[in-house]
Amino acid sequence: QVQLVESGGGLVQPGGSLRLSCAASGSIFSIDAMGWYRQAPEEQRDLVAVISSNGSTNYAGSVKGRFTISRDNAKNTVYLQMNSLKPEGTAVYYCNADVRTIVVPTIAFRYWGQGTQVTVTS
């Protein structure tokens with residue numbers, strides 16, 4: 001069993017910053033890619049950023065240059081530094097991780113966190 005727990009969401013003014021964290025725990029053998037998605041009310045869940053096991057990154061065009069994804073492999077944790085936040089960034093932010101478990105290390109299964117609310121408003 002694997003759990004992902006996010007933290008760091010909250011209320012921030014436009015132009016402000018937040019740092020999200022997502023820690024994976026459980027029967028983990030290794031983790032491939034880790035990522036962040038967000039879902040605004042009545043919208044689909046969209047990719048924000050993803051980071052591979054070797055550190056290569058990819059960002060949605062709308063956040064490129066403002067958000068930075070990083071990971072600490074020793075802690076099985078992924079971070080999302082969000083700067084210059086805009087009101088349209090208001091959403092529930094979800095992390096995910098492609099995890100190879102101790103029981104089945106040959107296949108990576110995708111796990112999701114419960115989400116953390118980010119609200120950008122003046």
Side-chain angles (χ1 to χ4, degrees):
Q1 193 76 340
V2 174
Q3 300 83 35
L4 271 63
V5 178
E6 298 120 333
S7 61
L11 181 68
V12 64
Q13 293 185 340
S17 298
L18 281 176
R19 188 190 194 212
L20 306 182
S21 300
C22 172
S25 62
S27 302
I28 298 171
F29 179 77
S30 65
I31 302 178
D32 293 350
M34 304 182 81
W36 288 95
Y37 285 67
R38 65 186 178 188
Q39 187 169 18
E42 301 182 9
E43 298 286 338
Q44 66 181 17
R45 190 175 298 187
D46 292 325
L47 174 70
V48 175
V50 62
I51 184 167
S52 70
S53 57
N54 65 8
S56 61
T57 59
N58 194 29
Y59 295 91
S62 60
V63 306
K64 199 171 293 186
R66 299 185 297 117
F67 289 13
T68 302
I69 188 171
S70 61
R71 64 191 285 174
D72 184 333
N73 291 331
K75 296 181 179 180
N76 291 329
T77 299
V78 62
Y79 305 96
L80 186 68
Q81 177 67 43
M82 305 186 292
N83 298 328
S84 303
L85 280 159
K86 303 177 181 180
E88 51 265 40
T90 295
V92 178
Y93 284 69
Y94 297 91
C95 69
N96 69 17
D98 295 335
V99 179
R100 298 177 186 271
T101 65
I102 293 172
V103 176
V104 189
T106 55
I107 301 174
F109 295 94
R110 177 159 293 183
Y111 294 86
W112 290 87
Q114 80 287 352
T116 185
Q117 177 70 46
V118 172
T119 302
V120 186
T121 181
S122 54

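Atom set for the values below is all heavy atoms of this structure, side chains included, hydrogens, waters and symmetry mates excluded. All figures in this text were calculated on a predicted structure; none of them were measured in a lab.
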Qualifying residue for side-chain contact (heavy atoms from CB on, under 4.5 Å) with Trp36, from Val63, Val78, Ile51: Val78

Residue pair Cys95 / Glu6: nearest heavy atoms and the distance that separates them: N-OE2, 2.7 Å

Pair Thr116-Val92, side chain to side chain contact (heavy atoms under 4.5 Å, CB included): steps then yes or no: CA-CA 5 Å; Thr116 185; Val92 178; 6.0 Å; no

Side-chain H-bond candidate by donor/acceptor type, Thr77 with Asp72, under 3.5 Å: no

Cluster overlap Val2 with Trp112, hydrophobic side-chain contacts below 4.5 Å: no

Whether Arg19 side chain and Gly9 backbone form a donor-acceptor pair below 3.5 Å: no

Nearest-0.5 Å distance that lies between atom NZ in Lys75 and atom OG in Ser25: 14.5 Å

Salt bridge (charged side-chain N to carboxylate O under 4.0 Å, His left out) against Arg100, all qualifying residues, sequence neighbours excluded: Asp32

Residue pair Ser84 / Ser17: nearest heavy atoms and the distance that separates them: N-OG, 4.3 Å

Spacing of Asn58 atom CG and Lys64 atom NZ [to the nearest 0.5 Å]: 6.5 Å

Sequence neighbours excluded - side chain to side chain donor-acceptor pair (under 3.5 Å) pairs with any residue from residues 85-98: Arg38-Tyr93, Asp98-Arg110

Gln1 (side chain) donor-acceptor with Ser27 (main chain) under 3.5 angstrom: no

Separation of Asn83 CG from Phe67 CZ (nearest 0.5 Å): 8.5 Å

Same apolar cluster (I L V M F W Y, side chains within < 4.5 Å links), Ile107/Ile28: yes

Non-hydrogen atoms of Pro87 and Pro14 that approach each other most closely: CG-CG, 4.1 Å

Distance (rounded to the nearest 0.5 Å) between Asn73 CG and Asn54 CG: 9.5 Å

Short side-chain to backbone donor-acceptor contact, Tyr59 and Leu47, under 3.5 Å: no

OG on Ser70 to CD on Gln81, rounded to 0.5 Å: 8.5 Å

Heavy-atom pair with the smallest gap, counting every atom of Ala97 and Ile31: CB-CG2, 4.0 Å

Shared hydrophobic cluster for Tyr37 and Met82 (ILVMFWY, side-chain gaps under 4.5 Å): no

Common cluster, Leu4/Tyr79, ILVMFWY with side-chain heavy-atom separation under 4.5 Å: no

Qualifying residue, where the test is side-chain contact (heavy atoms from CB on, under 4.5 Å) with Leu18 and the options are Thr119, Leu85, Val120: Leu85

Close side-chain approach of Thr121 to Leu11, heavy-atom, < 4.5 Å: yes

Phe29-Met34 co-clustered via ILVMFWY side chain contacts under 4.5 Å: no

